There are 2 protein chains.
Amino acid sequence: MVDIYFLTPYICNMLINELSKKTGISTHTIRFYEKSGLIEGKQDESVKSNNYFHYDDVTIEKLEFISDAKSVGFTIKEIGQIIDAWYNRKYTKKQKLEILDEKLISLEQKMREIKEMKKQILQFKDDVLNDRC
Amino acid sequence: MVDIYFLTPYICNMLINELSKKTGISTHTIRFYEKSGLIEGKQDESVKSNNYFHYDDVTIEKLEFISDAKSVGFTIKEIGQIIDAWYNRKYTKKQKLEILDEKLISLEQKMREIKEMKKQILQFKDDVLNDRC
DNA sequence: ATCAACCATAGACTATACTCTAATGTTGTG
DNA sequence: CACAACATTAGAGTATAGTCTATGGTTGAT
């Protein structure tokens, strides 16, 4: 009997419920992300009795990346571009690097915006403390 | 004749079209923000022939703040809380400082998420450059 | 006085990102 | 072998944040 784990690229194989528990993202939302093309489960061809999707550890990483990205204002579409530039074969090497560089620039911009906001909120605090508002 | 500008807190008085041009935000969106309670124009009581709203320079600052905040993932509701904590009288001093501190913590969190994303995208670039994807 | 360029309100419409329900099938433990 | 706890798809419903249209009034330059 051959150990299947030597034959698959999957370190770990889980169904959607386990993936949901490990990431804190609901199964509904995970399915929504899958329909949106951000992640991808695999059906086991050798099992004919069901059509369950299996997910690996990379999917957990992707979902954590998606959570971070959404939290700082990236859209599903933008997140999809990043993931595709990393994982997908539909782009050339050059295109991938262009997309990733573009997103790095967005990140720098967001970082500046956060610093500006922080400065302003500290000023607001100062205004409140000194009864200027 | 008394100069009205000595009697008002307004440095500059403009109508919605000028405000739109100065901020790059459409008049529709500005009105939407006004309905949402983020900004507030003032009608000139002495003018009976129209009901035009007038905006001051602080409104420009607020709109720029809103743009930054939206860009890094804050919702209208959260932005409203910040602006109210700064400008509004409906909170006590203590409540205002609590809200502002809470938002500073959100900003720190977002900054961490951005740094994490940056690290990952740099890794993605490395993967692409070394044909690991 | 005319007319383009503005102003206002109300409400319909759209896109995004979920979130939930219904209907139905599968698995595994007592 | 029952049945709780899982799985699937399709599609409806919701919240958020605009975006647009219609209708009607005002302003200011010619």
Side-chain angles (χ1 to χ4, degrees), chain A residues 12-56 59 62-83 106 113, chain B residues 12-56 59 62-83 106 113:
Chain A
C12 174
N13 233 296
M14 62 201 129
L15 299 181
I16 197 162
N17 197 42
E18 194 181 341
L19 184 60
S20 171
K21 276 167 188 157
K22 281 191 174 159
T23 58
I25 298 169
S26 77
T27 57
H28 287 301
T29 301
I30 291 172
R31 288 215 169 91
F32 170 72
Y33 288 158
E34 185 150 20
K35 255 196 293 183
S36 307
L38 299 188
I39 60 159
E40 209 181 337
K42 271 187 190 170
Q43 285 175 320
D44 190 338
E45 297 293 330
S46 66
V47 176
K48 300 262 190 272
S49 61
N50 70 41
N51 52 349
Y52 293 5
F53 284 87
H54 298 257
Y55 303 91
D56 58 12
T59 307
K62 281 185 184 176
L63 286 173
E64 281 163 357
F65 182 81
I66 293 166
S67 291
D68 283 349
K70 283 208 47 57
S71 165
V72 298
F74 283 99
T75 64
I76 297 275
K77 196 175 166 183
E78 289 171 315
I79 298 167
Q81 288 175 340
I82 300 172
I83 289 178
S106 294
E113 286 158 346
Chain B
C12 173
N13 235 295
M14 62 200 128
L15 299 181
I16 196 161
N17 197 41
E18 193 180 342
L19 185 59
S20 170
K21 274 168 187 157
K22 280 192 176 160
T23 59
I25 298 170
S26 77
T27 57
H28 287 302
T29 301
I30 291 173
R31 289 210 169 96
F32 170 72
Y33 289 158
E34 185 150 20
K35 257 197 293 184
S36 307
L38 299 187
I39 60 160
E40 209 181 337
K42 272 186 189 171
Q43 285 175 320
D44 191 337
E45 297 293 330
S46 67
V47 176
K48 300 263 190 271
S49 63
N50 71 42
N51 51 349
Y52 292 3
F53 284 88
H54 298 258
Y55 303 90
D56 57 12
T59 307
K62 280 185 182 176
L63 286 174
E64 280 163 358
F65 183 80
I66 293 166
S67 291
D68 283 350
K70 284 209 49 56
S71 166
V72 298
F74 284 98
T75 63
I76 298 275
K77 197 176 165 183
E78 290 172 313
I79 298 167
Q81 288 176 339
I82 300 173
I83 290 178
S106 293
E113 285 160 346

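The structure presented is a predicted model; accordingly, all values stated were derived computationally and were not measured. Below, chain A is the first sequence line, B the second, and so on; all start at residue 1. Heavy atoms only: backbone and side chains are in, while hydrogens, waters and symmetry mates are out.
- Where Lys35(A) and Gln43(A) meet DNA chain D, the nucleotide closest to each residue was compared, and Gln43(A) sits on the side nearer the 5' end.
- Applying the 4.0 Å criterion to OP1 and OP2 of dC18(C), one finds that Tyr33(A) has a side-chain N or O inside that range.
- Remark: C1' of dT21(D) and NE2 of His28(B) are 8 Å apart, rounded to the nearest angstrom.
- The ring-ring contact (aromatic ring centres under 6.0 Å, His included) check on Phe65(B) picks up Phe124(A), with sequence neighbours excluded.
- Taking the side chain of Tyr52(B) as heavy atoms from C-beta on, and the options dG18(D), dC6(C), dA7(D), the nearest nucleotide is dC6(C).
- Distance from the side chain of Phe53(A) is smallest for dT9(D) among the nucleotides dC7(C), dT19(C), dT9(D).
- One interatomic measurement links the two molecules: CG of Leu15(A) to P of dC6(D), which rounds to 11 Å at whole-angstrom precision.
- Atom-to-atom distance recorded for Glu18(B):CD and Thr23(B):OG1 is 10.5 Å, nearest 0.5 angstrom.
- Remark: C1' of dA10(C) and CG of Asn51(B) are 14 Å apart, rounded to the nearest angstrom.
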Practice task
Could you go through the side-chain contact (heavy atoms from CB on, under 4.5 Å) check for Tyr55(A) and Ile16(A) one step at a time?
Solution key: CA-CA 7 Å; Tyr55(A) 303 91; Ile16(A) 197 162; 4.0 Å; yes
Practice task
Please step through side-chain contact (heavy atoms from CB on, under 4.5 Å) for the pair Tyr33(A) and Lys62(A), ending with a clear verdict.
Solution key: CA-CA 11 Å; Tyr33(A) 288 158; Lys62(A) 281 185 184 176; over 6 Å; no
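- Rounded to an integer number of Å, the gap from Ile30(A) CD1 to dC20(C) P is 14 Å.
- Comparing dT19(D), dC7(C), dA7(D) by their closest approach to the side chain of Ile16(A) singles out dA7(D).
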Handout entry: Trace of the side-chain contact (heavy atoms from CB on, under 4.5 Å) decision for Ile83(A) with Ile66(A)
Key = CA-CA 9 Å; Ile83(A) 289 178; Ile66(A) 293 166; 4.1 Å; yes
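- Atom CG in Asn13(B) sits roughly 13 Å away from atom P in dC7(C) (whole-Å rounding).
- Between Asn50(B) and the phosphate of dT27(D), there is a side-chain N or O to OP1/OP2 separation shorter than 4.0 Å.
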Problem - Worked check of side chain to side chain donor-acceptor pair (under 3.5 Å) between Asn17(A) and Ser20(A) - result: CA-CA 5 Å; Asn17(A) 197 42; Ser20(A) 171; 5.2 Å; no
Exercise for the section: Walk me through it: do Asp68(B) and Ser71(B) pass the test side chain to side chain donor-acceptor pair (under 3.5 Å)? Expected result: CA-CA 5 Å; Asp68(B) 283 350; Ser71(B) 166; over 6 Å; no
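- Toward the 5' end of DNA chain D, the nearer of the two residues Lys70(B) and Lys48(B), judged by each one's closest nucleotide, is Lys70(B).
- Atom CD in Glu18(A) sits about 17 Å away from atom P in dT27(C), given to the nearest Å.
- Spacing between atom CG of Asn17(A) and atom P of dT27(C) amounts to 16 Å, rounded to whole angstrom units.
- The stretch residues 71-78 of chain A touches DNA chain C through Thr75(A), Ile76(A), each having a heavy atom under 4.0 angstrom from the strand.
- Atom-to-atom, CE of Met14(A) to C1' of dC6(D) comes out at 16 Å; the value is rounded to the nearest Å.
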Handout entry: Evaluation steps, side-chain contact (heavy atoms from CB on, under 4.5 Å), between Phe32(A) and Ile76(A)
Key = CA-CA 10 Å; Phe32(A) 170 72; Ile76(A) 297 275; 4.0 Å; yes
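- Each of Phe32(A) and Val47(A) has a nearest nucleotide on DNA chain C; the 5'-most of these lies closest to Phe32(A).
- The phosphate of dG25(D) has neither OP1 nor OP2 within less than 4.0 Å of any side-chain N or O from Ser49(B).
- When the side-chain nitrogen and oxygen atoms of Thr29(A) are compared with OP1 and OP2 of dA17(C), none of them lie within a distance under 4.0 Å.
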